[in-house]
Amino acid sequence: MFKKPVDVKTIQRLSGADKKKLRRTAKGRFPQASDADLDAILPPKAEITVAKYPNHVLVYGIEGEFPMIFNTDARGHELFPTVYALWKVPHLLPAFTLKGGEVSRFVIGGADLMFPGISIPPEGFPSFEAGQPWAVKVPGNPAAIAVGSTTMSSTEALKAGLRGKALKILHYYRDMLWDSADGCYVPNEGFFDDIVVEDPNPVSTSQAPDSAEEPEVTNDGSVSAEDAGVDISDNHGTNPGIQIEAVEEITDVVNELKLPEDKTTEQAPVEMEHHNLRTEEIDSLLDKCLLQALYTSIKEKDLPMPGSTLWANHILPNRPPGVTIDIKKSSHKKLSKWLQSKSSSGLISAKEDKYKKEVVLLAINHKHPDYMAFRPEKRVQELVEHEKDVAESSVTKQLEVAEIYKPSSHVKPIFVAVEADMEKYYSAPEASDIVFRYVEKEKLVKPTDRAKVILDVTLCDALYKGAIKKGSAYPTEIHKKDLGSAFLNRMQVHHKVSRGTQEVIRKGAIRTIQIMTERRQGNKKMTRLSGLECFLMDPDSLASELQKKFACSTTTAELPGKKGQYEILVQGGVIDDLAKHLVDHYDVPKRYIEVYDKTKR
């Protein structure tokens, strides 16, 4: 939901009455929260703002500080706390604990959480209903890293053999909502000293240095707050237990956690601690992790990349299992010096960003002897995606809707240049990867600004031919973050809908289901339901089901002038219950349901 940057439509302060209403709604949504807990996330004397997003999401926050609550339906009922709120009040939501820290790097990348990745507590599997807000934590750490909504009840999960998707992740640490705060931070040891948690195993931190030297990496792989470019504002002074941490601090700690219990026994003989490694061995291990990351996880479109991001998201996750890296034990002592040495050797291109005061990775030399001689290791798929196909087939009536793209004549030269299949359907990431492969092949990245791409004749025609007004000049370059979306706009949009063994691909964007209530003669209400065919639902079967559920008469009729499209007429005003039934029992996402109540005046 907050993976990509989205411009806020409006931001305004809440009135006193609206603040009280929000507080009442939050109290009902989070029943375990006390008045003191609500005061912590919605201070009575503070100004509360609401930011409205184009996707109908509302974000409530403390003015000048952090977003605390967001809702997904624009009606104020589907409230969820942000990670900032959960760091202030850890018991605000029940939480799933991951089996191992390695799963966390997928969760904080926005992947939904599967049941195989959840650790079951000794007291047994927790009880929950579908659509409830739950948090995600790593073992031994009370700080939540993500928030989501349960996809099914605990009863349904047990019937399915604890397979399938457990939590739809809506917000996670380091997404755009977290980054929108005026001074992003992560909690540290002092923070956890001020609150009561069940397992107070705090995140270790280091004080932010006063000098403006290059980033210094601590023993646990973290970077100090000031060196990492985090805004240390006066807002944090309101709570002396809060210190500003480096961007990779929590990510590093998450990656340091043990793997799931069923694998520790097998891996125990090969586990090594960093104090058992000599300086030469640590240097060699660092180089191996860097090459593994360059091969497997770092893409051309990700560059330029801050050194702290490279360390936290790519170097640490590519360590051998059970091995801890302490860069201070290496011959380089600091992250910046290590990256600069790799730049001097010609493997990568890196330079120091004077504004952020850290070294930035600019480019990769794929022709370097070390790169060409290296053979990357194959990694085991993480638990987040484990047995995905089996899990989906075990849940009856599970619906999947995906927007896919087919190459058009505009982009054909790009596909031909990289030898990609013109007859294949592509997801958005796959289509974006095609154009970046072309950029890499033709070496179109601007040398003086690695964040921009130079448009040659072929790429310029693919993106803009026929779209620029006659007489207007064609662009000569484009920012990397805009290249993918511009390329997708020139492809043919299709949608794929699958339910069980059924699958259909249709041209264009998917049509929504429409539910409309209106008055008939005698002031009686009638609810119309249409658009079911797009979601592989049989109108006659559903009409019979609704007749039993609502104890009312139902009829099915073909829409005039629309062959093959049917409408279900349901007696009575069941508009809200009908929408909920489609979401709960047919897995139709809420964004694909439009509701019109013509009985309200």
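Treat the numbers as computed from the prediction; the structure is a model and nothing was measured.
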Ala33 versus Leu38, closest heavy-atom pair with distance: CB-CD2, 4.2 Å
Rounded distance (nearest 0.5 Å) linking atom NZ of Lys21 with atom OG of Ser15: 10.0 Å
Enclosure of Arg528 CZ (heavy-atom neighbours >12, cutoff 6.0 Å): yes
Pairing residues for Asp577 by the salt bridge (Lys or Arg N to Asp or Glu O under 4.0 Å) criterion, not counting sequence neighbours: none
Exercise: identify the closest heavy-atom pair between Pro67 and Val59: CB-CG1, 3.6 Å
Within 6.0 angstrom of Lys168 NZ, more than 12 heavy atoms from elsewhere: no
Between CD1 on residue Ile515 and CG on residue Leu578, distance to nearest 0.5 Å: 4.0 Å
Exercise: do Tyr586 and Glu545 side chains pair donor with acceptor under 3.5 Å: yes
Pairwise distance CE(Met68) to CD1(Ile41) - rounded to 0.5 angstrom: 7.5 Å
Distance, nearest 0.5 Å, that separates OG of Ser530 from CD of Gln565: 8.5 Å
For the student: nearest non-hydrogen atoms of Leu98 and Ser119, plus distance: O-CB, 3.8 Å
Pairing residues for Phe125 by the side chain to side chain contact (heavy atoms under 4.5 Å, CB included) criterion, not counting sequence neighbours: Phe115, Ile120, Phe128, Ser154, Ala157, Leu158, Leu162
Under 3.5 Å: donor-acceptor pair, side chain of Asp18, backbone of Leu14: no
Donor on one side chain, acceptor on other, Thr527 and Thr517, under 3.5 Å: yes
Side chain to side chain contact (heavy atoms under 4.5 Å, CB included) against Lys496, all qualifying residues, sequence neighbours excluded: Ile404, Glu503, Ile505
Salt bridge (charged side-chain N to carboxylate O under 4.0 Å, His left out): pairs with one or both residues in residues 30-42, sequence neighbours excluded: Arg23-Asp39
Verdict with supporting geometry, Ile11 and Val50, side chain to side chain contact (heavy atoms under 4.5 Å, CB included): CA-CA 6 Å; Ile11 299 179; Val50 56; over 6 Å; no
Asp584 side chain to His581 backbone, donor-acceptor under 3.5 Å: no
Any donor-acceptor pair under 3.5 Å from Asn141 side chain to Val138 backbone: no
Salt bridge flag under 4.0 Å for residues Lys525 and Glu518: no
For Ser127, side chain to side chain donor-acceptor pair (under 3.5 Å) partners two or more places apart: none
Check: Leu463 main-chain N/O paired with His410 side-chain donor or acceptor under 3.5 Å: no
Partners passing side chain to side chain contact (heavy atoms under 4.5 Å, CB included) against Asp538 (at least two apart in sequence or in another chain): Asp540, Ser541
Inter-residue atom distance Ile169.CD1 - Lys3.NZ, 0.5 Å rounding: 10.0 Å
Heavy-atom donor-acceptor pair, Thr151 side chain to Lys165 backbone, under 3.5 Å: yes
ring-ring contact (aromatic ring centres under 6.0 Å, His included) partners of Tyr53, counting only residues at least two apart: none
Check ion pair Arg29-Glu78 (N to O, under 4.0 angstrom): yes
Pairing residues for Glu47 by the side chain to side chain contact (heavy atoms under 4.5 Å, CB included) criterion, not counting sequence neighbours: Arg13, Glu63
Euclidean distance, Thr49 OG1 relative to Leu58 CG, rounded to 0.5 Å: 11.5 Å
Main-chain N/O of Val583 paired to His585 side chain as donor or acceptor, under 3.5 Å: no
Residues which pass ring-ring contact (aromatic ring centres under 6.0 Å, His included) with Tyr592, listed by chain and number, not counting sequence neighbours: Phe535
Backbone of Ile593 reached by a side-chain donor or acceptor of Thr512 within 3.5 Å: no
Tyr405 ring center near Phe487 ring center (under 6.0 Å): no
Any residue meeting ring-ring contact (aromatic ring centres under 6.0 Å, His included) with Tyr566, in chain and number order, not counting sequence neighbours: none
Where Val83 and Ala144 come nearest, the two heavy atoms and their spacing: CG1-O, 4.0 Å
Flag, side chain of Thr82 to backbone of Ile69, donor-acceptor distance under 3.5 Å: no
Donor-acceptor pairs are to be reported for all side-chain atoms of residues 546-562 against protein atoms at under 3.5 Å, with residues two or more places apart or in another chain.
from   : atom 1 : to     : atom 2 : distance (Å)
Ser553 : OG     : Gln571 : OE1    : 3.0
Thr554 : OG1    : Ala543 : O      : 2.9
Glu558 : OE2    : Gly564 : N      : 2.9

Partners passing ring-ring contact (aromatic ring centres under 6.0 Å, His included) against Phe70 (at least two apart in sequence or in another chain): Phe2, Phe80, His171
Minimal non-hydrogen separation, Leu488 against Ala428, with atom names: CD1-CB, 3.8 Å
Closest heavy-atom pair and its distance - Thr150, Glu129: OG1-O, 2.7 Å
